[in-house]
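Small disclaimer: the values here were computed from a predicted structure and weren't measured.
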Amino acid sequence: GFSPVCAQPTAGTEWQGREDCLYINVWTPEKPSSDSLPVMLYIPGGGFITGSGTLPSFNGTALTANDVIVATINYRLGPLGFMRHTGSGSGNAISGNFGIKDQLTAMQWVHANISGFGGDPTRVTLFGESAGAISTQLHLFAIPASSDLFQAAIMESTVGAPLLTADQANVVGQQYVQSLCDQLNLDTECPRDKSWLQDIPIEQVMQADIQSLPKGSTAGLVAKGMANGVNWFPIQTAPVVTSETSGYQPGTTPKPFVIGFNLNEGALFSPYGLDFNLDEYRQILEADFGADGAQQILEFEDQGKKPYNPASYEANTDADTSAAGYALAQVIGDFSLGYNTIRIIDAAADQMSAADLPAYGYRFVQDSTFNFPGLPQCIPEAHQVCHTDELPYVFNTFYQRNPAQVFSVVSDPTSAEKTLGSAMSKAWTDFAKNPDSGWPYPPSQSGATGPYVEWGTPIGELNDMGDVIHFDLWNSLSPTVPYER
């Protein structure tokens, strides 16, 4: 069996997991072609609040059939993984970024031990999705201690949100400690020091964490985070994260990478139900882009349609999504993920060119017949290619979830879905085997113009993504450096 997941919220006021959770899972081929195979190390997503490398959907067996070794990891989440708190007195400071340090430790373990499983420690490809992709991005561009531990990277749906500064993280930590004090009815007599915090039972730690989540729980994080970041997030502070991720930072080494996003990423992050209306939508836009920017987004028109205006959509009762919800989903998908992907490629383009290394872009567009996220807005009848939907195809292991987030095997994936799963898992493993030329499509050295390969049916169409996600609009509303807003 697998190790426990790290402590994390589930539904409502429930939580699961343990503090004893830092384990690595390793899959090896049944008949390896050599005793020194390439390694794929997966960092799971979940908004730095939920997630685990032990989920059934991350079974590495199918990937190992392509003659690679697969490892998946856990890392600490929420306040246990990312709280920063200055405390009072000597020795009471809590630095934060523990989840990122856990990942770094796992990478070091793989580097030191994977040869014992038949892997080559000099041929490790780091890959991750969502928060795992943000983490991969940081290890690639901004964490010098990670640079010698992997040869290439794949980032699936890396969400654009600002890293927390040390001061911002301190404020979040103080607010969280205050919520613990309130929960324990201590008020002015609350100790607030490191040893006191370490003695608090995990049940109370998690209940205070749950109370800090935004409307929509973890799925509501991105709409909140577009402007101001979220509570538990990587912190821009040494020694772990040396700088914002704007190209390769001093001490890091350029490497081949793959980066991409899904057609309707924002659908998963618009969990506000049928009552979500234009006024609430406008408030989110104004918080992120100001009043003038919000109006510009609402009135933006492309080929006779206003893609970010609720008037362009109809509510879907079965998907529990209002017209304003669909408009918000389009903003989140195009801005936080599509625009962010393009900017990451552009920021590193000169360094990649100077090192004669490729960067590859993709977009996942397959309209699946099953609901992998298990959320109403992602039911097949809604025809939304949601955040995380590519994962069953990457791992070539078809699972779905019900509304209670219980996994089950997809008993009857279509022939097109099985064909796409085989093709995508092969592309991911071929890149791990040969990062310079293993990816089967041309590099995307220019972020806005591509080309980007579309993973769908048919397989392998090439497109420029700048027009698709309205790059010029978002560029006019955003600063020159990703993540600083």
Worksheet item: S34 and S36: side-chain donor and acceptor closer than 3.5 Å?
Response: no
Name the orientation class of the two ring planes belonging to F117 and W109 (parallel below 30°, tilted from 30 to 60°, perpendicular beyond 60°). tilted
Salt bridge (Lys or Arg N to Asp or Glu O under 4.0 Å) filter on D320, not counting sequence neighbours, yields none
Is there a donor-acceptor contact under 3.5 Å from the side chain of Q405 to the main chain of P373? yes
Below 4.5 Å, heavy atoms only, C-beta onward: do I134 and V159 meet side chain to side chain?
-> yes
Could you pull out all donor-acceptor pairs under 3.5 Å where a side-chain atom in residues 118-125 meets a protein atom, sequence neighbours excluded?
from, atom 1, to, atom 2, distance (Å)
D120, OD1, T122, N, 2.9
D120, OD1, T122, OG1, 2.7
D120, OD2, T122, OG1, 3.3
R123, NH2, K433, O, 3.0
T125, OG1, Q151, NE2, 3.4

Side chain to side chain contact (heavy atoms under 4.5 Å, CB included) test vs F372 passes for just one of C378, C386, P392, namely P392
Exercise. Return yes when atom CG of D350 has more than 12 non-hydrogen atoms of other residues, nucleotides or ligands closer than 6.0 Å, and no otherwise.
Key: no
Walk me through whether L337 and I469 qualify under side-chain contact (heavy atoms from CB on, under 4.5 Å). CA-CA 9 Å; L337 289 114; I469 61 98; over 6 Å; no
Contacts of E14 meeting side chain to side chain contact (heavy atoms under 4.5 Å, CB included) (sequence neighbours excluded), chain-then-number -> T10
Hits for side chain to side chain donor-acceptor pair (under 3.5 Å) against N396, two or more places apart or cross-chain, chain-then-number order -> none
Between V331 and W474 the two heavy atoms that sit nearest each other are CG1-CH2, 3.9 Å
Close side-chain approach of L138 to L163, heavy-atom, < 4.5 Å: yes
*Over 12 non-hydrogen atoms of neighbours within 6.0 angstrom of CG in D20*: yes
Applying side chain to side chain donor-acceptor pair (under 3.5 Å) to S115 and not counting sequence neighbours gives none
Scanning both residues in full, the closest heavy-atom pair of P358 with P443 reads CB-CB, 4.1 Å
Side-chain donor/acceptor of D389 to backbone N/O of Q366, under 3.5 Å:
no
Contacts of T72 meeting side chain to side chain donor-acceptor pair (under 3.5 Å) (sequence neighbours excluded), chain-then-number -> N25
query: Where do I345 and S444 land on the side-chain contact (heavy atoms from CB on, under 4.5 Å) test, with the steps shown first?
result: CA-CA 8 Å; I345 293 177; S444 309; 4.3 Å; yes
Contacts of F395 meeting ring-ring contact (aromatic ring centres under 6.0 Å, His included) (sequence neighbours excluded), chain-then-number -> Y42, F58, F127
Return yes if some donor-acceptor pair links the side-chain N/O of S425 with the main-chain N/O of G421 below 3.5 Å, else return no.
yes
Where do I43 and Y75 land on the side-chain contact (heavy atoms from CB on, under 4.5 Å) test, with the steps shown first? CA-CA 9 Å; I43 303 177; Y75 54 95; 3.6 Å; yes
Would you say the rings of Y452 and Y362 are close, in the sense that their centroids are separated by under 6.0 Å? no
Which of Y441, F261, Y360 passes ring-ring contact (aromatic ring centres under 6.0 Å, His included) with W455? Answer is Y441
Residues at least two apart in sequence or cross-chain that pass side chain to side chain donor-acceptor pair (under 3.5 Å) with S3, listed by chain then number, are none
Fill in: Side-chain (N97) to main-chain (I235) donor-acceptor, under 3.5 angstrom
yes
Inset, instruction - Please check if the distance between the ring centroids of Y339 and F471 is under 6.0 Å. - result: yes
Practice prompt. Please check if atom CD in E30 has more than 12 non-hydrogen atoms from other residues, nucleotides or ligands closer than 6.0 Å.
Written response: no
task: Check the surroundings of atom CG in D436: do more than 12 heavy atoms from other residues, nucleotides or ligands lie under 6.0 Å from it?
output: yes
Residues passing the salt bridge (Lys or Arg N to Asp or Glu O under 4.0 Å) test with R84, sequence neighbours excluded, are none
>> What I want to check is whether the side chains of Y308 and D334 have a donor and an acceptor closer together than 3.5 Å.
In response: yes
* Asked: Counting only heavy atoms not in D148, do more than 12 sit closer than 6.0 Å to its CG atom?
  -> no
Item to complete: Verify the ring-centre separation between F150 and H139: is it less than 6.0 angstrom?
Response: no
Determine yes or no for a side-chain-to-main-chain donor-acceptor pair under 3.5 angstrom, with Q8 supplying the side chain and G51 the backbone.
yes
Contacts satisfying salt bridge (Lys or Arg N to Asp or Glu O under 4.0 Å) that involve residues 406-428 (not counting sequence neighbours) are K426-D430
| said: With a 6.0 Å cut-off on the ring centroids, do W232 and F48 count as close? | reply: no
*Please confirm whether the backbone N or O of S147 pairs with a side-chain atom of T253, one donor and one acceptor, at under 3.5 Å?*
no
With sequence neighbours left out, the residues meeting ring-ring contact (aromatic ring centres under 6.0 Å, His included) with Y326 are none
* I would like to know whether R76 and M83 meet side-chain contact (heavy atoms from CB on, under 4.5 Å); could you show each step before the answer? => CA-CA 11 Å; R76 282 173 286 180; M83 187 177 79; over 6 Å; no
Taken in chain and number order and not counting sequence neighbours, the residues that satisfy ring-ring contact (aromatic ring centres under 6.0 Å, His included) with F398 are F370, Y393
Any donor-acceptor pair under 3.5 Å linking the side chain of Y313 with the backbone of P307? yes
